[in-house]
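In what follows, a single structure is set out as C-alpha cells and then discussed.
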Number of protein chains: 2
Amino acid sequence: MNKPATIYDIAKHVNASPATVSRVLSNSNYPVRPALAEKIRKAAKELNYTPNSIGRQLKTNKTSTIGVIIPSITNPFYAAVVSGIEETASEQGYQVLLCNSQNDPELELQHLRNLQENQVKGVILSSIIDKNDALQQYLSRGYKVVTIDQNHPDINTCRINFDYIKGGAIIAAHLLEQGHRDIAFLSAPLDRPSRQLIYQGYAEALHIHEVEMDQSRVLISSPTDAGKPISEFQQGKQLTRQLLQSKPWPTAILASNDMLAFGVMNELINHGIRVPEEMSVVGFDNLEFAEIVAPALTTIEQPKQEMGAIACRMLIDLLNNADNQPGEIMLQPQLVERKSVHSLI
Amino acid sequence: MNKPATIYDIAKHVNASPATVSRVLSNSNYPVRPALAEKIRKAAKELNYTPNSIGRQLKTNKTSTIGVIIPSITNPFYAAVVSGIEETASEQGYQVLLCNSQNDPELELQHLRNLQENQVKGVILSSIIDKNDALQQYLSRGYKVVTIDQNHPDINTCRINFDYIKGGAIIAAHLLEQGHRDIAFLSAPLDRPSRQLIYQGYAEALHIHEVEMDQSRVLISSPTDAGKPISEFQQGKQLTRQLLQSKPWPTAILASNDMLAFGVMNELINHGIRVPEEMSVVGFDNLEFAEIVAPALTTIEQPKQEMGAIACRMLIDLLNNADNQPGEIMLQPQLVERKSVHSLI
DNA sequence: ATGAAAGCGCTAACAT
DNA sequence: ATGTTAGCGCTTTCAT
C-alpha cells in the first residue's frame, strides 16, 4: 500500500523526462521515438502505474464526468433514462454522477452547487424548479445543461423534448376510435409541463371528435397531503375510488402515466370491475410493467433509454464544441396497443 | 463567462494571504480574527466564489465521491439499493458515481479501473466476477470495497449479506404449511451465490417437512442463448412453458425472484390457469410491483433501500477510519403474505 | 493570528 | 524528438 507511481517515477525509471512520459501515456499524438514509447509503457506496467486524472483535470480544466439530476431513480421511468445515459457515457469514456432531487427544489439546487464544486461541466437535468434564476446562473457561468422530460420554455438550454400533446391526443383518439365517448382523465397535479401537455392533447382529441369536454371527468389528485408524497400508484387508486363514487361511470379511463394506470386497474379489480370488459384503461410511458400487468396495458411509448442516450450524446457534443448552439429535439410518441381497451363498436 | 474566482483573487481583494482565505473558506478550525474571516466570506460571496474541489483533492488526496457498480439500474432491485445509497451519501456530503456492469465482467473491471483513475477511494459493488484476482489487487492498493447482494466468500471485503438460505426456507415452508407438497423451483442460472442459497433454503425446507426432493421439479433456464440475455420476466415465461409441457403439474411454483415470478404468473394466465386457485406462485425480493400485480404476489422482503443505506454508511466509515476491520452484516428475510398462494388445507 | 512557500500529479508552452 | 519549467487551485508546514 505504498504510494502509487507517478509519471515522475516512470521518468526516472527509464531515464526520460516527465513530459515525454506524459506524452506517451496520455495518448497525445506528439511524436515520441517508438522504442522509447514502448519502454515507457513497459515501465508503467511494471510500476503498476495508474494515471491520476485529478492531476490532469487541474491542469486541463476538463472533466470526464457528467452530472445527472432526476427526481428519483426509484421511478422506473428515470431508471430507464439513466440507463441510456450511463451506457452512452461509458462508451464515450465519461462517468455519471447520479443525484436524486427527491422532488425537493432545495436539494436540486444543492446538487447543482455540489456538481459545480466538483468541476462537472455538464449536467442532464429533469428539473422540478419552475423559477429558473438559479439555473440561469449556472448557465451563464458556462455550464452546459441538457434538460429532459420537464422543459421550461423560458430557459435557454438544450432540450430533449417529447411530444406530450400528440401523445395525449393519440391515446385519447384511440379510445374515441374504439367508440368510447365518456373518457375520464386522471392525473397527478398538473404542475409539471408533461402532465399539462398530455391533458391538452386529450382535450384536443375530444374536440376533434366533437365530444364535449366534461370537467367533472378530469380528476386531479390533490398535492401531497402533509408529510411524504403518495406514490403515483396510490394516487391512481385514490382517484379511481373517487371516480367510482357517483354513477354513471365513464367507459374508459386515461391515466397520465402508467404508474397511475396500474393504480387505476388495481382499484377497479378490487371493486370487481373487469378490465377491459367493463372499463377500459390506458396509460402513458410504456414502462416495462405495462406488459406484465394483466391485462397488459395499452399505452404510449416514450423512448426512455433513447432519450437518455440522445441527451448524453448532445451534452458531450456541447462539452466538446464550446460554440455549439442550444438545440432542441422532439421525440415522437407511439401507440402501443395491448389488452386494456375494449372496443365498443 | 470569465474565469471563476480562486482563493488568490479573494486574498488580493481583502489584502490577506491565500492561506488565511483557505483557512476560513474550508471551515478549518484554525484561528482567524473574526473580523477578517467575515470580510473574507463577504468577498467570497461578492466574487461569486465556488471552491474548486479538484485543487483540494490533489492536495489532500481525499475524495468525496464513492463508486457504485451494479449489473443494471434498470433492474428495480438495484434501483432501490442505489436509491438508499444515494440518499445517505448525499446526507453525508458524498457523491455517487454510478456504473452499470451490464453483467459483463470486462466492463466491470473497466469501471473499476476508471474509478481508480478518478481517485475514487471506495466502491460499493455487486460483482458478477467469480475469480477475484483483479478485485484483490484493488483491495491491496488500499481501496475500500463493500460488497452487496453477491458475496464471494473468498474475498476479504466488508459485506452486506442477506440470509438467502433462510429466505428460501421461509418461503418454501410457507407453501408447505399451506399443504403444498409438489413445489417447483424455477430460477435463472445458479451462477450467482444468491440463487444458489435460495435453492439451498428451498431444499432444506423440503427436507424438514419430509418431502422428497424431485429434481425434475427444479427448472433452471439455460444461460443466455447467444446474443443478448433474456430478461428474467421472459425467462419466467419460458420456464413456465417448459413446466407445463408434462403433467401432472405441481400445485405451487417458487420463483427465485419477483421478476421471474411475474413471468410465471403472466404465462399461467395466458394458459388460462388461475392463480392462485389452480396454481400458487411465490417470489423473492418484494419489489414494488409485487403489490401491483394481480393477484398480489406473496414473496420475501429484502430490505433494499436499507441495504444500500447500510452499505454506504459502512463504506464512509471505512474511508474515515483507515484501521477499520472488514465487517459483515447479515440482513434478515421476512415473509410478505399476499394473494398468490392458495391454501390446500 | 497571519503569511510565504512548497507541492499534490499532470500537461503544455517553450526551449533545445 | 526530447527536456525544462511553470502553473492549474488548493492546503499545510514552517516562519514570523
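First the proteins, then the strands, lettered A, B, ... as listed; each starts at 1. Basis for what follows: all heavy atoms, side chains included, without hydrogens, waters or symmetry-related copies.
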**Asked** Quick one: how far along DNA chain C does chain B reach, first to last nucleotide 5' to 3', anything under 4.0 Å to a heavy atom?
**Response** C/dA1 to C/dG9

Enumerate all atom pairs, one protein N or O and one N or O from nucleotides 10-12 of chain D, separated by less than 3.5 Å.
| from | atom 1 | to | atom 2 | distance (Å) |
| --- | --- | --- | --- | --- |
| D/dC10 | OP1 | B/Tyr49 | OH | 2.5 |
| D/dC10 | OP1 | B/Asn52 | N | 3.1 |
| D/dC10 | OP2 | B/Ile7 | N | 2.9 |
| D/dC10 | N4 | B/Tyr8 | OH | 2.9 |
| D/dT11 | OP1 | B/Arg56 | NE | 2.8 |
| D/dT11 | OP1 | B/Arg56 | NH2 | 3.1 |
| D/dT11 | OP2 | B/Ser22 | OG | 2.6 |
| D/dT11 | O2 | B/Lys59 | NZ | 3.2 |

**Asked** B/Asn114 and A/Gln95: side chain to side chain contact (heavy atoms under 4.5 Å, CB included), yes or no, with the steps?
**Response** CA-CA 9 Å; B/Asn114 243 308; A/Gln95 313 213 238; 3.5 Å; yes

**Prompt:** Taking it one step at a time, do B/Ile73 and A/Glu86 satisfy side chain to side chain contact (heavy atoms under 4.5 Å, CB included)?
**Reply:** CA-CA 9 Å; B/Ile73 191 66; A/Glu86 200 272 344; over 6 Å; no

Between side-chain atoms of residues 9-20 of chain B and protein atoms elsewhere (two or more places apart, or another chain), which donor-acceptor pairs fall under 3.5 Å?
| from | atom 1 | to | atom 2 | distance (Å) |
| --- | --- | --- | --- | --- |
| B/Asp9 | OD2 | B/Thr6 | N | 2.8 |
| B/Ser17 | OG | B/Ala19 | N | 3.4 |
| B/Ser17 | OG | B/Thr20 | N | 3.2 |
| B/Ser17 | OG | B/Thr20 | OG1 | 3.1 |

**Prompt:** Could you walk me through whether B/Leu318 and B/Cys158 pass the side chain to side chain contact (heavy atoms under 4.5 Å, CB included) check?
**Reply:** CA-CA 9 Å; B/Leu318 232 47; B/Cys158 277; 3.7 Å; yes

**Message:** Determine whether B/Ile70 and B/Val81 satisfy the following criterion, side chain to side chain contact (heavy atoms under 4.5 Å, CB included), listing intermediate values before the conclusion.
**Reply:** CA-CA 10 Å; B/Ile70 52 166; B/Val81 173; 5.8 Å; no

**Request:** Please name all residues satisfying side-chain hydrogen bond (donor to acceptor under 3.5 Å, both in side chains) with B/Asn161, sequence neighbours left out, ordered by chain then number.
**Result:** B/Asn151, B/Glu328

**Asked** Looking at A/Thr65, A/Asn61, A/Thr63, which hits side chain to side chain donor-acceptor pair (under 3.5 Å) with A/Lys121?
**Response** A/Asn61

**Request:** Please determine, by modelled atom types, if B/Glu117 and A/Thr50 share a side-chain donor-acceptor pair under 3.5 angstrom.
**Result:** no

**Request:** Please determine, by modelled atom types, if A/Asn100 and A/Ser72 share a side-chain donor-acceptor pair under 3.5 angstrom.
**Result:** no

**Message:** Under 4.0 Å, counting only non-hydrogen atoms across every strand here, what does A/Asp9 touch: a base, just sugar-phosphate, or nothing?
**Reply:** nothing

**Prompt:** So which of residues 31-39 of chain B are in contact with DNA chain D, with a heavy-atom cut-off of under 4.0 Å?
**Reply:** none

**Request:** Give the rounded distance in Å between these two atoms: OH of A/Tyr30 and P of D/dG3.
**Result:** 12 Å

**Request:** Please list, chain by chain and in numerical order, all residues satisfying ring pair (Phe, Tyr, Trp, His ring centres under 6.0 Å) with A/Phe162, sequence neighbours excluded.
**Result:** A/Tyr164

